[in-house]
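Reviewing the structure listed below.
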Amino acid sequence: MKKAIFIAASVLALAACAEGEQDQTSYEVRDSAESAGAVAEMAADDSEAPQLTDGSAAIPASMPKLAYQYGYSYELPSPDISRLMRKHADLCEKQGPTSCQIIGMDLSGNADENDMRGTLQLAVAANHARAVGALLENEAEDSGAEQVSANIAAEEVSKKIIDTEARIRSRTQLRDRLTEVLKTRSGSVEELVAAERQVAQVNEEIDQARSWLKETQGRVSFSKLDVNYSSSDVVAGSFIDPIKNAVGSMGSILGTIVAIFMVLGAIVLPLGGAALGIRAIARKFRPATETT
């Protein structure tokens with residue numbers, strides 16, 4: 001409060017000294033005096049109001065940390081799928097790497113056979129995900145695509161993050177104690193060797209925990225957004241598919257018939273040959289029997 005009053009008094013004294021100067025200067029001094037008075041009032045108000053340590057509205061620590069995942073699916077003619085995918089990719093890149101990043105693209109199938117499918121995988125800043133999704137929907141609508149599904153899923157990872165951070169702190173303390181033992185060389189040779197091995201193991205655990213923590217925090221900061229594309233030419237496909245299946249099955253049917261004849265031949269021919277041989281022998285001995 002004293003500091004604010006001192007500022008106001010100083011500015012008022014400056015205004016008295018500059019009384020004989022030009023009008024513009026007097027306006028500037030008057031503005032400064034008014035500003036000083038406002039500072040004094042703010043100082044008085046601030047003495048009663050609670051203060052923020054960082055000067056901004058902090059998010060409560062108890063707020064849940066959610067890792068969101070968005071999914072959109074569109075149907076459109078096969079030749080248009082690749083074009084829409086490129087437009088969506090360009091739209092993401094225009095947002096900048098701090099807002100949207102392309103992490104995967106996949107396009108497969110044959111446009112001539114109306115059998116195209118594609119997937120575009122994006123990582124979008126969590127606070128921009130809904131806005132980017134709306135831009136993708138508008139672009140798809142302008143391209144004549146039909147949205148067949150849209151979904152949002154969230155995973156609560158607050159407890160996992162807290163547990164991992166606590167584990168990192170405890171393992172770090174253990175590593176520091178073991179390192180101190182190695183520095184002082186207090187203990188037997190066996191104990192020092194065991195301490196070195198344990199330090200290496202603890203370091204590995206800390207690295208793994210930090211890697212998982214970084215990945216999870218990244219999932220909270222950047223939401224995953226998948227866009228799926230499929231062909232809308234289902235009528236032509238449903239007419240051609242049975243014909244393709246019939247043509248494909250003809251080979252197996254003919255093969256089955258040939259196999260049956262081969263099996264029958266393998267059985268009938270030996271039996272037929274044996275029957276003919278018995279019949280020939282019977283004819284040979286029949287006349288001799290009648291003569292006797």
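When a residue number appears, it is its place in the shown sequence, counting from 1. These numbers come from the heavy atoms of this one structure, side chains and all, not from hydrogens, waters or symmetry mates. Because the structure is a prediction, the values reported are computed rather than measured.
- More than 12 heavy atoms of other residues, nucleotides or ligands lie within 6.0 Å of CD in Glu165, so this atom counts as buried by the packing criterion.
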Side chains of residues 166-175: which donor-acceptor pairs under 3.5 Å do they make with residues two or more places apart or in other chains?
residue: Arg167; atom: NH2; partner: Glu205; partner atom: OE1; Å: 3.3
residue: Ser170; atom: OG; partner: Ala166; partner atom: O; Å: 3.4
residue: Ser170; atom: OG; partner: Arg167; partner atom: O; Å: 2.9
residue: Arg171; atom: NE; partner: Glu205; partner atom: OE1; Å: 2.9
residue: Arg171; atom: NH2; partner: Glu205; partner atom: OE1; Å: 2.9
residue: Thr172; atom: OG1; partner: Ile168; partner atom: O; Å: 2.6
residue: Arg175; atom: NH1; partner: Asn203; partner atom: OD1; Å: 3.3

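- Separation of atoms OG1 (Thr216) and NZ (Lys65) is listed at 11.5 Å; rounding is to 0.5 Å.
- Distance check, rounded to the nearest 0.5 Å: CD of Gln198 to CG of Leu178 gives 5.0 Å.
- Contacts of Leu135 classified as side chain to side chain contact (heavy atoms under 4.5 Å, CB included), with partners at least two apart in sequence or in another chain: Leu91, Gln95.
- Evaluation of the salt bridge (charged side-chain N to carboxylate O under 4.0 Å, His left out) rule for Asp80 yields Arg83 as partners, not counting sequence neighbours.
- Looking at residues two or more places apart in sequence or on another chain, you find a side chain to side chain donor-acceptor pair (under 3.5 Å) between Glu155 and Lys160, Arg219.
- Remark: side-chain polar atoms of Gln69 are not paired, donor with acceptor, to backbone N or O of Gly71 under 3.5 angstrom.
- Rounding to the nearest 0.5 Å gives a distance of 10.0 Å between CE of Met116 and CG of Leu76.
- Judged as a salt bridge (charged side-chain N to carboxylate O under 4.0 Å, His left out), not a single pair has a partner in residues 86-111 (not counting sequence neighbours).
- The two residues Leu120 and Ala89 make their nearest non-hydrogen contact at CD2-N, 3.9 Å.
- No single ILVMFWY cluster, assembled from side-chain heavy atoms under 4.5 Å apart, contains both Tyr70 and Phe222.
- Contact of the Leu136 side chain with the Leu225 side chain is registered, since non-hydrogen atoms from C-beta on lie closer than 4.5 Å.
- Linking Ile, Leu, Val, Met, Phe, Trp and Tyr residues whenever their side-chain heavy atoms come within less than 4.5 Å leaves Met85 and Val148 in two separate clusters.
- Note: Ile161 CD1 to Leu213 CG = 6.5 Å, rounded to the nearest 0.5 Å.
- Applying the side chain to side chain contact (heavy atoms under 4.5 Å, CB included) rule to Asn110 yields the partners Asp112, Glu113; only residues at least two apart in sequence or on another chain are considered.
- Each disulfide (SG to SG under 2.5 Å) pair with one or both residues in residues 67-104, not counting sequence neighbours, appears once here: Cys92-Cys100.
- Residue pairs meeting the side-chain hydrogen bond (donor to acceptor under 3.5 Å, both in side chains) criterion with at least one member in residues 221-230, sequence neighbours excluded: His88-Tyr229, Thr119-Asn228.
- When the salt bridge (charged side-chain N to carboxylate O under 4.0 Å, His left out) test is applied to Arg177, no partner is found at least two apart in sequence or on another chain.
- Here Ser73 pairs with Ser149 under the side chain to side chain donor-acceptor pair (under 3.5 Å) rule; sequence neighbours left out.
- Remark: Glu190 engages Ser188 in a side chain to side chain contact (heavy atoms under 4.5 Å, CB included) (not counting sequence neighbours).
- Val220 and Ile103 are assigned to two separate hydrophobic clusters, defined by single-linkage of ILVMFWY side chains at heavy-atom distances under 4.5 Å.
- Taking CD from Glu139 and CG from Leu84, the interatomic distance works out to 7.0 Å, rounded to the nearest 0.5 Å.
- Every residue meeting the side chain to side chain donor-acceptor pair (under 3.5 Å) condition with Glu137, not counting sequence neighbours, appears here in chain and number order: Gln147.
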